[in-house]
Amino acid sequence: MNTMQLFDYYHFDYMEEEGCYIKNVYNASFLSDTGFPCASHAIGIYCNKPKSFSRFHMLEHDELWHFYGGAPFHLYLLFPDGSSRLVRMGSDLAGGEHLHYLVPAGTWQAGELCEGEYALFACSMAPAFDPSIFHFRDQAELKRLFPAAVEWIDRL
């Protein structure tokens, strides 16, 4: 499939604040105390046309990322202890790529396509995604907290 075929198939929603295309494909039928489903699963795409990526944001719940296909993509992670990590998601396990990766709650994260036309991915959460647990922070503040990651923060 090419990018446009994937858009036609999944009918992605554009998340303007984050800068990427996502489609929620599953919500558990059992609700949590907050009234949101206990688990959710969304599929997304990073692509060059139309351009998409994920701006730095933080979630209050763990998020499990899954690589589904296309070209590799990067996750940029800024941890509460001030450390950072670049994770390459893809199918080349022998080359160090990850098919899935857990981003712990409280970690600032961003992502983008490394090469190629698109990367198809998914994110699973339990409890489910809830807009109240999704946070952005001023770029200047992120740069102050994570000086070693200034280049990532400026780009994303």
Side-chain angles (χ1 to χ4, degrees), residues 3 6 10 12-26 32 34 36 38-156:
T3 305
L6 289 166
Y10 284 107
F12 292 109
D13 298 315
Y14 183 64
M15 293 182 60
E16 189 162 338
E17 301 106 4
E18 193 174 342
C20 66
Y21 293 91
I22 297 282
K23 186 65 173 186
N24 192 37
V25 293
Y26 169 75
S32 70
T34 63
F36 282 87
C38 286
S40 63
H41 187 79
I43 192 161
I45 189 168
Y46 291 140
C47 48
N48 288 321
K49 293 180 183 175
K51 180 67 175 164
S52 65
F53 58 92
S54 178
R55 292 181 181 92
F56 274 100
H57 62 283
M58 186 267 291
L59 297 168
E60 295 175 20
H61 301 160
D62 293 347
E63 182 173 36
L64 184 62
W65 283 76
H66 315 266
F67 175 80
Y68 279 171
F73 67 94
H74 282 154
L75 290 178
Y76 303 91
L77 306 177
L78 307 175
F79 297 100
D81 68 0
S83 65
S84 61
R85 179 161 189 200
L86 173 64
V87 175
R88 187 173 171 100
M89 301 290 293
S91 60
D92 183 6
L93 303 182
E97 294 178 351
H98 298 264
L99 287 175
H100 55 83
Y101 194 85
L102 179 68
V103 176
T107 302
W108 292 94
Q109 59 177 299
E112 68 179 339
L113 184 64
C114 297
E115 59 201 47
E117 183 182 346
Y118 71 87
L120 191 64
F121 63 87
C123 298
S124 300
M125 294 185 73
F129 176 79
D130 168 346
S132 72
I133 61 126
F134 184 86
H135 305 282
F136 284 104
R137 182 170 254 167
D138 177 71
Q139 270 193 319
E141 179 68 9
L142 276 178
K143 288 193 260 187
R144 186 186 70 72
L145 293 170
F146 302 97
V150 167
E151 187 270 327
W152 296 349
I153 296 165
D154 281 341
R155 191 171 72 255
L156 300 166

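If you read the sequence from its start, that first residue is 1, and numbering goes on from there. Please read all numbers here as calculations on a predicted model, not as lab measurements.
Among all heavy-atom pairs drawn from Leu78 and Thr107, the shortest one is O-CG2, 3.5 Å. Nearest heavy-atom pair, Leu77 versus Tyr101, reported as atom, atom and distance to 0.1 Å: CD1-CE2, 3.5 Å. Across Trp108 and His135, no two heavy atoms sit closer than the pair CZ3-O, 3.4 Å. Closest approach of Leu156 and Gly111 over heavy atoms only: CD2-O, 4.2 Å. Heavy-atom minimum distance, Trp152 versus Ser84: CZ3-CB, 3.8 Å. Nearest heavy atom pair, residue Ser91 against residue Phe67, reads N-CE2, 3.6 Å.
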* To do: Determine, step by step, whether Leu64 and His66 satisfy the side-chain contact (heavy atoms from CB on, under 4.5 Å) criterion, reporting the C-alpha distance in whole Å, the side-chain angles of both residues, the deciding distance to 0.1 Å, and the verdict.
  => CA-CA 7 Å; Leu64 184 62; His66 315 266; 3.5 Å; yes

* Asked: Please walk me through it: do Lys23 and Asp13 pass side-chain contact (heavy atoms from CB on, under 4.5 Å)?
  -> CA-CA 6 Å; Lys23 186 65 173 186; Asp13 298 315; 3.8 Å; yes

* To do: Begin from the C-alpha positions of Leu75 and His98 and carry the test side-chain contact (heavy atoms from CB on, under 4.5 Å) through to its verdict.
  => CA-CA 10 Å; Leu75 290 178; His98 298 264; over 6 Å; no

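In summary, the aromatic rings of Tyr14 and Tyr21 are positioned with their centroids under 6.0 Å apart.
Side chain of Glu18 to main chain of Ser54: no donor-acceptor pair is present (N/O by atom type, distance under 3.5 Å, no hydrogens or angles). Judged purely by atom type and a 3.5 angstrom limit, Glu117 has no side-chain atom pairing as donor or acceptor with the backbone of Gly70. Proximity of a side-chain donor or acceptor of Ser40 to a complementary backbone N or O of Phe129 within less than 3.5 Å is detected. Distance alone, capped at 3.5 Å, is enough to place a donor-acceptor pair between the His57 side chain and the Arg55 backbone. Side-chain N or O atoms of Asp62 include one that pairs as donor or acceptor with a backbone N or O of Ala105 at under 3.5 Å.
Residues that satisfy the salt bridge (charged side-chain N to carboxylate O under 4.0 Å, His left out) test with Arg85, not counting sequence neighbours, are absent from this structure.
Between the CZ atom in Phe134 and the CE atom in Met58 there is a gap of 10.5 Å [rounded to 0.5 Å]. One distance of note links CE of Met125 with CG of Asp130; it measures 8.5 Å at 0.5 Å rounding. Summarising the geometry, atom CD1 belonging to Ile22 is positioned 6.5 Å from atom CE belonging to Met15; distances are rounded to the nearest 0.5 Å. Here Lys143 contributes atom NZ and Ile153 contributes atom CD1; the two are 7.5 Å apart, rounded to the nearest 0.5 Å. Atom-to-atom distance recorded for Phe73:CZ and Cys20:SG is 10.5 Å, nearest 0.5 angstrom. Note that CE of Met89 is 7.5 Å distant from CG of Leu99, once rounded to the nearest 0.5 Å.
Test Trp65, Tyr68, Phe12 against Phe121 for ring pair (Phe, Tyr, Trp, His ring centres under 6.0 Å) and you get one pass: Trp65.
Using a 4.5 Å cut-off on side-chain heavy atoms (C-beta onward), Phe79 and Pro104 make contact.
Open room surrounds CD on Glu16; 12 or fewer heavy atoms of other groups in view lie less than 6.0 Å from it.
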For residues 43-53, dump all side-chain donor-acceptor pairs below 3.5 Å to protein atoms at least two apart in sequence or in another chain.
residue, atom, partner, partner atom, Å
Asn48, ND2, Gly116, O, 2.7
Ser52, OG, Ile45, O, 3.2
Ser52, OG, Cys47, N, 2.9

